[in-house]
Participant: 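Take a look at this one; I'll ask things after.
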Amino acid sequence: MIFALMLVAAGCGSDNTVQPPTGSQKMPVLGNGPVTERFTAEVWVQGNVAYTTTWGNRLAPGNAIKIWDVTGNVPTLVDSVIVPNAVTLGDIQASDDGKLLVVATEFAPGSIMIYDLTDPVKPQFVSRYTTSLTDPGVHTAEVQRVNGTLYAFLCVDPRSGTPARLVIVDLTNPAAPTQVFTAAMGNPYVHDVFVRDGILITALWNQGITIWDIGGAGNGSPSNPVALGSVLTVGGEVHNIWWYHSAVTGEKRYMFVGQEGPGFIGSSSSGDIHVVDASSLASPREVAFYHLDGAGTHNFSVDESRGILYAAYYNGGVRAIDITGDLSSCDPASKSPDGRCNLAKMGREVAHGLEDEQPVFVWGVQLSNGRIYASDMLNGLWKLAPAPFPPD
């Protein structure tokens, strides 16, 4: 479910043309694997296999996992898995060892589906984790290892009289996952999380982001998260986060926060990327943002070796943004009235993709094996060449 978007007739074109800025180069399209009977949702690429989920109801319900061979330029559909008792699917992610595939399902019974990936193109069902605390639906599920143990972090939808909540599940035994923590949080949603270095960052919509120690700062654990700091980014509507670790400098200064504003599927979207200086996890502060006229952001993938953030931008396609260097310092012409730097005015967009393939509505993006994969609600799975700048 995309909380801020409304459904419009499938196949309609965008009435809001999005123009690339001067200096933004084109990311060549290598191929497309079409999906026309369902809306395509999230994407996960593992080696030469890609998995995409489906959402809502188009000509068929969003209960299918599509499995693709992406060895060549054109993604080739090799199989599908239909998830029983699901209306829509959200996140999909493989474990870091490539052994498990985890999929979030909505609505009641909300759950995560766990599959064995011994044969990557033939996922085998292992278990379905569902309890009263995962109803009415698990919107997103992040799978990460903390101090050697594999966990799933489930963001559960609110419903009348019941607030949204975070549920953390131990996946040591994937046939019988066990809950280690739960708490109500978010206003009105806890929409997503980002986990890295024993730090948990929660996207709490109109409560901003909160940073938790779950083993990386010495006091917390997945069963006992300890709050470190929080920040409310401009405009709220906090949808997702990426904590950037530069492979070049080792710096861990910036968190990129996606804002999902109102929009219409297949037509329009809104919302900025907000840049948070997290040099102090106890006192994070917003220092910059990226705004694209006529479109809003959804999910991210970051090439940390080159310092490029790839953002799904719905009807704006894919945008590649240079995030190297100091993002908090800019000349007066690039500064907003509240003092934040505007990355667009700084010329930080270096490349764009899918503007010639309209209409598109790009949900997710992932960098894998030197290629960009974009899941498009209207058109299926795209494969693109990466941004040509900065040079390797």
Side-chain angles (χ1 to χ4, degrees), residues 4 18-24 186-187 191-192 194 196 199 201-212 227-246 248-263 269-300 302 304 307-311 313 316 319-352 389-390:
V18 181
Q19 297 294 331
T22 301
S24 178
N187 177 27
H191 185 277
D192 206 346
F194 191 88
R196 192 170 199 176
I199 300 296
I201 311 156
T202 50
L204 303 179
W205 211 258
N206 290 326
Q207 287 181 346
I209 69 169
T210 296
I211 303 169
W212 309 79
L228 298 175
S230 62
V231 61
L232 177 59
T233 48
V234 175
E237 301 171 318
V238 173
H239 173 273
N240 63 302
I241 309 115
W242 188 290
W243 184 16
Y244 169 48
H245 289 19
S246 171
V248 176
T249 67
E251 189 176 60
K252 305 176 182 180
R253 179 178 177 183
Y254 294 117
M255 295 179 182
F256 295 89
V257 178
Q259 173 190 4
E260 185 174 16
S269 57
S270 61
D272 294 341
I273 299 173
H274 300 265
V275 184
V276 170
D277 186 330
S279 300
S280 168
L281 296 179
S283 302
R285 60 190 181 92
E286 183 173 348
V287 296
F289 67 101
Y290 172 82
H291 173 80
L292 180 62
D293 287 338
T297 192
H298 201 226
N299 292 335
F300 307 149
V302 177
E304 297 190 331
I308 298 176
L309 182 147
Y310 294 94
Y313 249 91
R319 302 284 153 160
I321 302 165
D322 176 7
I323 57 172
T324 58
D326 186 357
L327 304 182
S328 66
S329 178
C330 56
D331 59 44
S334 300
K335 189 168 290 189
S336 65
D338 61 10
R340 296 176 299 150
C341 289
N342 184 331
L343 301 186
K345 290 185 177 180
M346 294 168 68
R348 289 282 186 159
E349 181 181 310
V350 295
H352 57 277
F389 177 87

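Counting from 1, the numbers follow the sequence of the chain as shown.
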Participant: Taking salt bridge (charged side-chain N to carboxylate O under 4.0 Å, His left out) as the definition, give me every residue that meets it alongside Asp338, ordered by chain and number, with sequence neighbours left out.
Facilitator: Arg340
Participant: Quick check on side chain to side chain contact (heavy atoms under 4.5 Å, CB included): which of Val302, Asp322, Leu343 does Leu309 satisfy it with?
Facilitator: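 Among Val302, Asp322, Leu343, the one meeting side chain to side chain contact (heavy atoms under 4.5 Å, CB included) with Leu309 is Val302.
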Participant: Quick check against the 3.5 Å criterion: does Ser269 have a side-chain atom that pairs as donor or acceptor with the backbone of Gly296?
Facilitator: yes
Participant: List the steps, then state whether side chain to side chain donor-acceptor pair (under 3.5 Å) holds for Asp293 with His291.
Facilitator: CA-CA 6 Å; Asp293 287 338; His291 173 80; 2.8 Å; yes
Participant: How many angstroms lie between atom CD1 of Ile321 and atom CE of Met346, to the nearest 0.5 angstrom?
Facilitator: 11.5 Å
Participant: Please step through side chain to side chain donor-acceptor pair (under 3.5 Å) for the pair Ser24 and Glu349, ending with a clear verdict.
Facilitator: CA-CA 6 Å; Ser24 178; Glu349 181 181 310; 2.7 Å; yes
Participant: Would you say the side-chain atoms of Asn342 pair up with the backbone N or O of Lys335, donor to acceptor, closer than 3.5 Å?
Facilitator: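 Between the backbone of Lys335 and the side chain of Asn342 there is no qualifying donor-acceptor contact (under 3.5 Å).
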Participant: Please identify each residue that fulfils side-chain contact (heavy atoms from CB on, under 4.5 Å) with Arg285, with sequence neighbours left out.
Facilitator: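 For Arg285 the side-chain contact (heavy atoms from CB on, under 4.5 Å) partners, ignoring immediate neighbours, are Asp277, Val287.
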Participant: Just to verify, what does Glu304 make a salt bridge (charged side-chain N to carboxylate O under 4.0 Å, His left out) with, not counting sequence neighbours?
Facilitator: Arg196
Participant: Would you confirm whether Glu286, through its side chain, and Val234, through its main-chain N or O, come within 3.5 Å as a donor-acceptor pair?
Facilitator: yes
Participant: Could you state the interatomic distance from NE2 (His352) to OH (Tyr310), rounded to the nearest 0.5 Å?
Facilitator: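 Going from the NE2 atom of His352 to the OH atom of Tyr310 covers 13.5 Å.
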Participant: Can you find a pair of side-chain heavy atoms, one from Leu281 and one from Met255, that are under 4.5 Å apart?
Facilitator: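 In contact.
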Participant: Taking only residues two or more places apart in sequence, or in another chain, which ones meet Asn240 in a side-chain contact (heavy atoms from CB on, under 4.5 Å)?
Facilitator: Asp192, Asn299, Phe300
Participant: Who pairs with Ala351 by side-chain contact (heavy atoms from CB on, under 4.5 Å), at least two apart in sequence or on another chain?
Facilitator: Met27, Ala320, Ala387, Pro388
Participant: Just jot down the side-chain contact (heavy atoms from CB on, under 4.5 Å) partners of Ser329, sequence neighbours excluded, or say none.
Facilitator: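 So Ser329 forms a side-chain contact (heavy atoms from CB on, under 4.5 Å) with Asp326.
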